[in-house]
Amino acid sequence: MDKNNLGLPIGTTLDRFITRKQDDFPYATGELSQLLRDIALASKIVNREVNKSGLLDITGGIGGKNVQGEEQQKLDVIANIRFIRALKNGGQTCAVVSEEDEEIVHLNPESRYIVAIDPLDGSSNIDVNVSIGTIFSIYRRLSPIGQPVEHSDILQKGKEQIAAGYVLYGSSTMLVYTTGNGVNGFTLEPSLGEFVLSHAGMKSPKDGSIYSINEGSWNQFDQPIRNYIEHCKEEDYTARYIGSLVADFHRNLLKGGVYLYPATSRAVNGKLRLIYECNALAFIAEQAGGKASDGQTRILDLTPTKFHQRTPFIIGSENLVNEAEGFVKGKSKVNSEAS
Ligand code: AHG
Ligand code: MN
Ligand code: MN
């Protein structure tokens, strides 16, 4: 039996899958299972809203900015509300930290789980009908149950995650998640309204030939990153960049490739957020046999010091991440320079 998917056949519903996984843990109380179901429910609701975009007045900006100074799209706000409401109603979450909220959103103090979420990833792609996503991480609180959640509960290293996942609103809608025992992907069957197992035991190819980076920022990149991009071209890699992290990551996970959002002269710590985006995908990447780094350090070993902290990010197939890291650390040079 495959330990990743418990031998459950393709087509198994997410609900049944979660229940079977829970049976695997002798002392499991079912709370995490319920929390995962709450997230799946919210993502179905958000999927419904996403699919209406263009029909109703839900695309475009709301004229406000989020805590990171970025323009909020209407769907960013809608998705944030939907996820938080589902987590509140589900009752298994004591606190949520969201890319869209400045401070901790306190929910049920009697619960043991913390959720970190990027409710809508790839907002610039909403209005143009291109894939977008949701990213989530689940942690166990450190403070005692019943007490107010503290900052230290939120500022845990990524390696402390007990579950993480993403939802991709793409040509089909998928939910991919891990509880630290492999990665499984579920596709939404729209007529049933159910996620069904479609990608059992997902594995990141060790190698690949796709590189994903916003090359429009070339003038802002430092020399090691430029050298790595030149190397990718010399190796005849294929460039693919959607501008939705979830979609870029998912493609590279299936096909083999590397995604980079490095530090730039404008974004000196990179753009992506450690707690809402990078940690979850790093956990999934590692669980699938891939790798994630800030160029120097494993992402899951970084200690967050603030909620909305950003980090340079390199993620994907192990050999490609190693290769890119080699350039960042100055151990590799592009051939044309070396010759
Ligand atoms: P978000 O929509 O949650 O703010 O995230 C956008 C992120 C990420 O999805 C994407 O990979 C990246 O921004 C694209 O940034 P550039 O436009 O600078 O390439
Ligand atoms: Mn994002
Ligand atoms: Mn977002």
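Just so it is clear, the values below take in all heavy atoms, side chains as well, and ignore hydrogens, waters and symmetry mates. Read the numbers this way: they start at 1 and go in the same order the structure lists the ligands and their atoms.
- Taking 4.0 Å as the cut-off, Arg266 does not count as a neighbour of ligand 1 on heavy-atom distance.
- Within the 4.0 Å heavy-atom cutoff, Leu120 counts among the residues contacting ligand 1.
- Between Phe195 and Phe186, the gap from one ring centroid to the other reaches at least 6.0 Å.
- Distance alone, capped at 3.5 Å, places no donor-acceptor pair between the Glu286 side chain and the Lys291 backbone.
- Residue Ser124 has no nitrogen or oxygen atom sitting less than 3.5 Å from a nitrogen or oxygen atom of ligand 1, judged on distance alone.
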(message) For a side-chain hydrogen bond (donor to acceptor under 3.5 Å, both in side chains) check, start with the C-alpha distance between Gln34 and Asp38, then their side-chain angles and the critical distance, and finish with the verdict.
(response) CA-CA 6 Å; Gln34 184 54 44; Asp38 297 337; 2.9 Å; yes
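- Each of the following atoms of ligand 1 lies closer than 4.0 Å to a heavy atom of Leu245: 8 (C), 9 (O), 10 (C), 11 (O).
- Arg273 NH2, 3.4 Å is the protein heavy atom nearest to atom 4 (O) of ligand 1.
- No donor-acceptor distance shorter than 3.5 angstrom exists from the side chain of Asp248 to the backbone of Leu245, with no hydrogens or angles considered.
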(message) Between Ser33 and Gln22, does the side-chain hydrogen bond (donor to acceptor under 3.5 Å, both in side chains) criterion hold? Intermediate values first, please.
(response) CA-CA 7 Å; Ser33 299; Gln22 182 190 322; 2.8 Å; yes
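- Residue Leu120 counts as close to the Mn ion (ligand 3), with an N, O or S atom under 2.8 Å.
- A donor-acceptor pair under 3.5 Å is formed between the side chain of Thr134 and the backbone N or O of Pro119.
- Of the candidates Tyr259, Tyr261, Tyr276, Tyr261 brings a heavy atom nearest to atom 18 (O) of ligand 1.
- Of all protein heavy atoms, the one closest to atom 14 (C) of ligand 1 is Tyr241 OH, 3.3 Å.
- Geometry about the Mn ion (ligand 3) gives an angle of 100° between OE1 of Glu99 and OD1 of Asp118, rounded in steps of 10 degrees.
- Considering only heavy atoms from C-beta on, Glu277 stays 4.5 Å or farther from Leu281 through its side chain.
- Contacts between Gln220 and ligand 1, counted as non-hydrogen atom pairs separated by less than 4.0 Å, are absent for every part of the residue.
- Remark: the Glu100 side chain and the Ser98 side chain contain no N/O donor-acceptor pair separated by less than 3.5 Å.
- Arg112 contributes no side-chain N or O that, together with a main-chain N or O of Ile145, makes up a donor-acceptor pair within less than 3.5 Å.
- Scanning the protein heavy atoms around atom 10 (C) of ligand 1, the nearest turns out to be Gly243 O, 3.2 Å.
- Using a 3.5 Å distance cut-off with no hydrogens or angles, the side chains of Ser212 and Arg251 do pair a donor with an acceptor.
- In Phe249, neither the side chain nor the backbone holds a heavy atom less than 4.0 Å from any atom of ligand 1.
- Note on Glu277: its N/O/S atom closest to the Mn ion (ligand 2) is OE2.
- For Asp118, every heavy-atom contact with ligand 1 shorter than 4.0 Å involves the side chain, none the backbone.
- Taking a cut-off of under 4.0 Å to the non-hydrogen atoms of Glu99, the atoms of ligand 1 that pass are 3 (O), 4 (O).
- Under 4.0 angstrom from ligand 1, the non-hydrogen atoms of Asp121 come from both its backbone and its side chain.
- Each of the following atoms of ligand 1 lies closer than 4.0 Å to a heavy atom of Asn214: 16 (P), 17 (O), 18 (O), 19 (O).
- The protein heavy atom nearest to atom 15 (O) of ligand 1 is Lys271 NZ, 2.9 Å.
- Within the 4.0 Å heavy-atom criterion, both parts of Ser123, backbone and side chain, lie near ligand 1.
- The backbone N or O of Ser143 lies less than 3.5 Å from a partner atom in the side chain of Arg141, making a donor-acceptor pair.
- Counting only N and O atoms by type, the side chains of Glu189 and Thr187 include no donor and acceptor under 3.5 Å apart.
- The atom name of the N/O/S atom in Asp121 closest to the Mn ion (ligand 2) is OD1.
- Of the residues Gln223, Glu323, Glu325, Lys233, the one that meets the side chain to side chain donor-acceptor pair (under 3.5 Å) test with Tyr228 is Glu323.
- At under 3.5 Å, a nitrogen or oxygen of Gly122, whether backbone or side chain, sits near a nitrogen or oxygen of ligand 1.
- Using a 4.0 Å cut-off to heavy atoms of Glu277, the atoms of ligand 1 that qualify are 3 (O), 5 (O).
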